[in-house]
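Everything below concerns the one structure shown next.
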Amino acid sequence: MLKKLIVSFLCAIVVACTVLGGFCLLYFTIPSQKAKASISLPSTVEDRETAAESTTEADSKDKNVYVADVYQSLTLRSEASADSDAITDLLPMTHLEVLEFAAGTNYAYVKVLTGDKESYKGYVNSEYITKLGEPTVRIGTEE
């Protein structure tokens, strides 16, 4: 008789915990009216033409951003020549702003400005840069 009483009591506790757990689950997962009111959605969605018209100066600057597409480093030079002095070595994926293509080099060298903490201005070989956002040729592959 005592065993039946203990089993019945334990079953009642399990049922009560299950019901209480269900109520807690519903209470904490369904957002309140106050929470729903705090969510703000945009009133309108821009169409493509409006978005295209709202380009900023920073967007137009990004058109000339390239990355150093090299295995180890890209040499930044003081002149548009392989024989000129090296200013620094640029790491792979260094962002470069292309200022101009060097005249008289058949577009082999471009004048760039680095976007690092220390900005450098110089020339790099155009074969080793890739426009930002385009697939890279050398990075992440082995020779």
Side-chain angles (χ1 to χ4, degrees), residues 3 5-143:
K3 286 184 181 181
L5 184 64
I6 292 173
V7 170
S8 298
F9 180 71
L10 291 176
C11 288
I13 290 176
V14 169
V15 169
C17 288
T18 305
V19 170
L20 181 64
F23 283 123
C24 288
L25 181 68
L26 290 174
Y27 180 78
F28 289 112
T29 57
I30 298 174
S32 66
Q33 293 297 329
K34 186 176 182 180
K36 287 180 185 177
S38 68
I39 299 172
S40 62
L41 298 173
S43 58
T44 60
V45 177
E46 279 188 358
D47 59 358
R48 289 184 184 176
E49 291 175 9
T50 308
E53 290 172 3
S54 66
T55 57
T56 63
E57 188 175 313
D59 293 339
S60 62
K61 227 180 200 184
D62 287 343
K63 293 177 184 175
N64 289 331
V65 176
Y66 287 71
V67 293
D69 187 3
V70 291
Y71 292 114
Q72 292 180 349
S73 65
L74 176 62
T75 305
L76 183 69
R77 301 192 176 276
S78 59
E79 299 291 327
S81 167
D83 299 328
S84 65
D85 294 334
I87 297 172
T88 188
D89 288 329
L90 305 173
L91 296 175
M93 294 302 290
T94 300
H95 286 209
L96 306 167
E97 181 183 347
V98 172
L99 302 174
E100 65 184 31
F101 286 89
T105 65
N106 201 19
Y107 301 109
Y109 282 89
V110 290
K111 188 174 187 178
V112 296
L113 177 68
T114 65
D116 296 341
K117 293 176 184 173
E118 291 184 49
S119 291
Y120 293 102
K121 192 181 285 189
Y123 294 87
V124 295
N125 189 326
S126 63
E127 290 184 33
Y128 298 102
I129 61 173
T130 302
K131 195 165 193 70
L132 183 65
E134 292 182 3
T136 57
V137 177
R138 296 170 191 83
I139 297 173
T141 59
E142 295 182 20
E143 293 181 30

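Source: prediction; values computed, not measured. Numbers here are sequence positions counted from 1.
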Query raised in the report: Side chains of Ile6 and Leu10: closer than 4.5 Å at any heavy-atom pair?
Result: yes
Report task. Flag the pair Val98 / Ile129 as yes when at least one side-chain heavy-atom distance between them is below 4.5 Å, and no otherwise. Result -> yes
Report task. Can you measure from CG (Asp85) to OG1 (Thr75) and round to the nearest 0.5 angstrom? Result -> 12.0 Å
Query raised in the report: With side chains defined as the heavy atoms from C-beta onward, is the minimum distance between Asp89 and Leu74 less than 4.5 Å?
Result: no
Requested in this report: Answer yes or no: are there more than 12 heavy-atom neighbours, outside Gln72 itself, under 6.0 Å from its atom CD?
Outcome: no
Query raised in the report: If every non-hydrogen atom of Tyr66 is compared with every non-hydrogen atom of Lys131, which pair is closest and at what distance?
Result: CD2-N, 3.3 Å
Query - Heavy-atom side-chain contact between Phe23 and Val19 under 4.5 Å - result: yes
Report task. Answer yes or no: is there a donor N or O on one side and an acceptor on the other, between the side chain of Ser126 and the main chain of Ala108, under 3.5 Å? Result -> yes
Query raised in the report: Which atom pair, heavy atoms only, marks the closest approach of Glu100 to Tyr123?
Result: OE2-OH, 4.4 Å
**Report entry** Euclidean distance, Asn125 CG relative to Ser81 OG, rounded to 0.5 Å
**Finding:** 11.0 Å
Query raised in the report: Hey, are the side chains of Leu90 and Val124 touching, using non-hydrogen atoms and a 4.5 Å cut-off?
Result: yes
Query raised in the report: Between CG of Leu132 and CE of Met93, what distance do you get to the nearest 0.5 Å?
Result: 7.0 Å
Report task. For residues Asp69 and Tyr128, determine if any side-chain heavy atom of one lies less than 4.5 Å from a side-chain heavy atom of the other. Result -> no
Query raised in the report: Between Val70 and Thr94, is any pair of side-chain heavy atoms under 4.5 Å apart?
Result: no
Requested in this report: State the CD-NZ distance between Glu97 and Lys111, to the nearest 0.5 angstrom.
Outcome: 12.0 Å
Report task. Determine, stepwise, if the pair Leu96 / Thr114 fulfils side-chain contact (heavy atoms from CB on, under 4.5 Å). Result -> CA-CA 5 Å; Leu96 306 167; Thr114 65; 3.8 Å; yes
Report task. Mark yes or no for whether Tyr109, through its side chain, and Ala82, through its backbone, hold a donor-acceptor pair below 3.5 Å. Result -> yes
Report task. Measure the CG-CZ distance between Asp83 and Arg77 for me, rounded to the nearest 0.5 Å. Result -> 8.0 Å
Requested in this report: With rounding to the nearest 0.5 Å, note down the distance linking CG in Leu113 to OH in Tyr120.
Outcome: 12.0 Å
Requested in this report: Grab the two heavy atoms, one from His95 and one from Val67, that are nearest each other, plus how far apart they are.
Outcome: CD2-CG1, 3.8 Å
